[in-house]
Amino acid sequence: MSITNIPEIFGSNVFDDRVMRARLSDDVYNSLKRTIDENVKLDENVADAVAEEMKNWAMEHGATHFTHWFQPLTGVTAEKHDSFITPSKDGGILMEFSGKELIKGEPDASSFPSGGLRATFEARGYTAWDPTSYAFIKDHTLCIPTAFCSFSGEALDKKTPLLRSMQAINRQAMRILKIFGTDAKYVKTSVGAEQEYFLIDKEVFSKRPDLKYTGRTLFGAMPPKGQEMDDHYFGVIKPRVAAFMEDLNEELWRLGILAKTEHNEVAPAQHELAPIYSTTNIATDGNQLTMEIMKKVADRHGMVCLLHEKPFAGVNGSGKHNNWSIGTDTGINLLSPGETPSENAQFLLFLSAVIQAVDDYQDLLRLSVATAGNDHRLGANEAPPAIISVFLGDELTGILEAIKNDTPYQGREEVKIKLGVHALPRFSRDTTDRNRTSPFAFTGNKFEFRSLGSSNSIACCNIMLNAAVAESLRQYADILEKSEDFENDLHDLIKDVITKHERILFDGNGYGEEWVKEATEVRGLSNLKTTADAMPHLLDEKNAEMLKRHKIFTDAEIHSRCEIMLENYVKTVNIEGLTMVDMVRKNYLPAMERYLYRLSQTTVLMRQVSPNVKCNYEVSTMERLADLTDYILDAVVQLEDALATFKTFNNVFESSEFVRDVMLPRMDTLRKYVDEAEMLTSQRDWPFPSYGQLLFSVN
């Protein structure tokens, strides 16, 4: 399909500002805009007018149903469809949609993860319209982005705390801007989420139970060629993939998603899509839609889109780079160097706030990206390590060093830096190289948080990032609002922050063992390698108190989320373990037995023909495969024992530690033996497609 008029189709399925301005009265439109931009309470009369026009517009575009589209704690989206049909007195029907239906829905809350917030018999839950994120049409249904909460008011979704975190950072940032005299009505964070993914042939996928049940290959020996030639990265896009990308772009553009960049990634069959920035909650909605539509479009093209963080061992995993920035309604990027000493001082204060936030709450940032899948990815193949650090580059590091030491900055010119008194040296945005091993890198006018896994909702990390930065800004505002010597107090504040938090700054190789030792033993940074290590830190007093102070979560919501994420972790690994046992018992061991039988028959026949035939290949292969069958049997029994023990745990913290310490190592052992057996068994006898067939299945 050839797209000839992108501006015409862009946002054509979205009830966006253009549509609202054209269809709503001036009073209704202006009232709704105040709600969207300034967080003013929504007038119910306005909701009725918006609902009527939204329904008419949707029906004109072929929609017959509406749904409150929300993001429960499952990690995916949810929707319950209702038609616009209402019976009339004469036996016919009316097509109606009220402001009440727009504002509030009532899906069943009992079957979604709640972490103890709801009992099974307590079914009532509510969805509430998020007017800051535009409604859209998908599959002939009007989708209304909403928040999801329980009958008693606790948040049961990822959007509600995200919106709370955006309010928190706006509140504290506005205090800072007021001190500087910066003209702004509000502050919003923006995100551009780069999305990595794999595409494999659907027919090959269907023959791998592990991919179907878990999203990743639990077994598989590396093919002769992987990614070592670097020939796939930015390479010519294959026709089948190009057709998928063209179809995907059109669907995303119709939904107003700013899909901008597409290319081949490092691993064979791996690709990436990057959008232009959007306000954080809109970007979050857009990324959830992107993942859903990727899978649908791939299916239409006879392929499967894999969003697991590590679908194939030994090659790049898939991440999701969260490019985060903060700016005002007037268009000022608060992470961009300015033209005046005051603007540069403001920039450095916000930069300091981020540095302090990452240092103070490195555990929160780590746990915000912690999943069973991402644990396999972090630390290798261009994925950052589990240790959180900040990369600034040479010039910014030099400026901060000069401020800390009250020494001249040795840049383009020697300048004594005294904020607001002597001019801060001007510097451009891209004056340094990038660091692919850094989890949190400054890249000009934004920070790139690279630790997210490809299937993660970006809501999680942005909740924690917004909250942590809001806390830094709160502390700064408390000091500066009382200041009687602003310029000197500002200088001392930035100097103090840099001095206290310079341990989080690191520009070197994040993969080196020497960095692990320096980070943990010298700098005192945390190294939370697994979800089981990271997630309990959500309950740490400093973290819980900060999140409650800014009204991001209640105490009950904090505890529930910790339990939900750990439950997700242990359930994921349990399913993987059960799948491994199933594949080994039903497929791998019988396949090896068949091949051993054929080898033994061949050996007997060859020696009957000639006693002098040595049969070295047959005998050596039989001996090693026979040993491996014993090892595999022992390993699968050990895993079965672990799976049985896993069922006895009632405490999610204990079960997560058991998964980390016992189940995963036993799964690794079993995989090692099966993968070796694959290299010794004929392709005809091996029961499942190989890595080579999977990674090079799309032409």
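Values reported hereafter were calculated over all heavy atoms of this structure, with side chains retained and with hydrogens, waters and symmetry mates removed. All residue numbers in this chain count up from 1 along the given sequence.
Few gaps surround NZ on Lys212; more than 12 heavy atoms of other groups in view lie less than 6.0 Å from it. A 6.0 Å sphere centred on CD of Glu60 holds more than 12 heavy atoms belonging to other residues, nucleotides or ligands.
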CA sep, side-chain torsions, deciding dist, call: Leu273, Leu252, side-chain contact (heavy atoms from CB on, under 4.5 Å) | CA-CA 11 Å; Leu273 180 146; Leu252 294 179; 3.8 Å; yes

When you look at Glu272 and Thr261, which way does the side-chain contact (heavy atoms from CB on, under 4.5 Å) test go after all the steps?
-> CA-CA 8 Å; Glu272 180 177 303; Thr261 304; 5.9 Å; no

Where do Asp37 and Lys185 land on the salt bridge (Lys or Arg N to Asp or Glu O under 4.0 Å) test, with the steps shown first?
-> CA-CA 9 Å; Asp37 293 338; Lys185 291 182 180 179; over 6 Å; no

After noting the C-alpha distance and the side-chain angles of Ile282 and Lys188, does the key distance pass the side-chain contact (heavy atoms from CB on, under 4.5 Å) rule?
-> CA-CA 11 Å; Ile282 296 175; Lys188 286 187 177 180; over 6 Å; no

Report the C-alpha distance between Ser165 and Asn462 in whole Å, list the side-chain angles of each, state the deciding distance to 0.1 Å, and finish with yes or no for side-chain contact (heavy atoms from CB on, under 4.5 Å).
-> CA-CA 8 Å; Ser165 75; Asn462 285 295; 5.9 Å; no

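Side-chain contact, Thr371 with Asn374: no donor N or O sits under 3.5 Å from an acceptor N or O. For the residue pair Glu309 and Ser455, a side-chain donor N or O sits within less than 3.5 Å of a side-chain acceptor on the partner. Between the side chains of Asp17 and Tyr29, a donor-acceptor pair is found at a separation under 3.5 Å. Between the side chains of Ser133 and Asn281, not a single donor N or O lies within less than 3.5 Å of an accepting N or O. Side-chain contact, His68 with Thr146: no donor N or O sits under 3.5 Å from an acceptor N or O. Counted by atom type alone, Glu262 and Asn249 present one or more donor-acceptor pairs between their side chains at under 3.5 Å.
Leu538 has its side chain within reach of Leu547: a pair of non-hydrogen atoms, C-beta onward, lies under 4.5 Å apart. Inter-residue side-chain proximity for Leu306 and Phe312 is flagged as met; some heavy-atom pair is nearer than 4.5 Å. Using a 4.5 Å heavy-atom threshold, the side chains of Asp360 and Glu471 count as separate. Contact annotation: the side chain of Phe350 never approaches that of Val469 to less than 4.5 Å [non-hydrogen atoms, C-beta and beyond]. Considering only heavy atoms from C-beta on, Phe148 stays 4.5 Å or farther from Gln71 through its side chain. You'll find the side chain of Asn466 reaches within 4.5 Å of the side chain of Met166, heavy atoms only. In this structure, the side chains of Asp299 and Lys202 come closer than 4.5 Å at one or more pairs of heavy atoms. Contact check for Leu177 versus Tyr186: no side-chain heavy atoms found under the 4.5 Å cut-off.
Side chain of Arg377 to backbone of Ser451: a donor-acceptor contact under 3.5 angstrom is found. With hydrogens and angles disregarded, a donor-acceptor distance shorter than 3.5 Å links the side chain of Ser454 to the backbone of Leu307. Checked by atom type and distance alone, the side chain of Lys310 pairs as donor or acceptor with a backbone atom of Val315 at under 3.5 Å. Under the 3.5 Å distance criterion, the side-chain polar atoms of Arg240 are matched with a main-chain donor or acceptor of Gly302. A donor-acceptor pair under 3.5 Å is formed between the side chain of Asn333 and the backbone N or O of Asn445. At distances below 3.5 Å, at least one donor-acceptor pair connects side-chain atoms of Gln362 with backbone N or O atoms of Asp359. In this structure a side-chain-to-backbone donor-acceptor pair under 3.5 Å is missing from Gln167 to Ile552. Not a single donor-acceptor pair under 3.5 Å links the side chain of Thr160 to the backbone N or O of Ala147. In this structure, Lys238 contributes its side chain and Val698 its backbone to a donor-acceptor pair below 3.5 Å. Checking side-chain atoms of Lys320 against main-chain N and O of Asn456 turns up a donor-acceptor pair under 3.5 Å.
For the ring-ring contact (aromatic ring centres under 6.0 Å, His included) test, no residue two or more places apart in sequence or in another chain qualifies with His140.
Considering Phe449, Trp324, Phe506 as possible partners of Phe440, the one that fulfils the ring-ring contact (aromatic ring centres under 6.0 Å, His included) test is Phe449. In summary, of the residues considered (Glu251, Glu250, Met245, Met303), a side-chain contact (heavy atoms from CB on, under 4.5 Å) with Val297 occurs for Glu251 alone.
Below 30°, between 30° and 60°, or above 60°: for Trp69 and Phe136 the angle between ring planes is above 60°, a perpendicular geometry. Ring geometry, His263 versus Phe234: the interplanar angle exceeds 60°, so the pair is classed perpendicular (tilted spans 30 to 60°).
Residues Lys159 and Asp157 are not paired through a salt bridge, judged by the lack of any N-O separation under 4.0 Å between the basic side chain and the carboxylate. Salt-bridge formation is detected for the pair Asp375/Arg366: a Lys NZ or Arg NE/NH1/NH2 atom is positioned less than 4.0 Å from an Asp or Glu carboxylate oxygen.
Here the closest heavy-atom approach between residue Gly215 and residue Pro311 is recorded as O-CB, 3.9 Å. Minimum heavy-atom separation, Pro161 to Phe553: CB-CE2, 3.4 Å. Here the closest heavy-atom approach between residue Gly319 and residue Glu196 is recorded as N-OE1, 2.6 Å. Contact record, Ile137 with His61: CD1-CB, 3.3 Å, taken as the closest heavy-atom pair. Here the closest heavy-atom approach between residue Val46 and residue Ser31 is recorded as CG2-OG, 3.4 Å.
Ring pair His232/His271: centre-to-centre distance below 6.0 Å.
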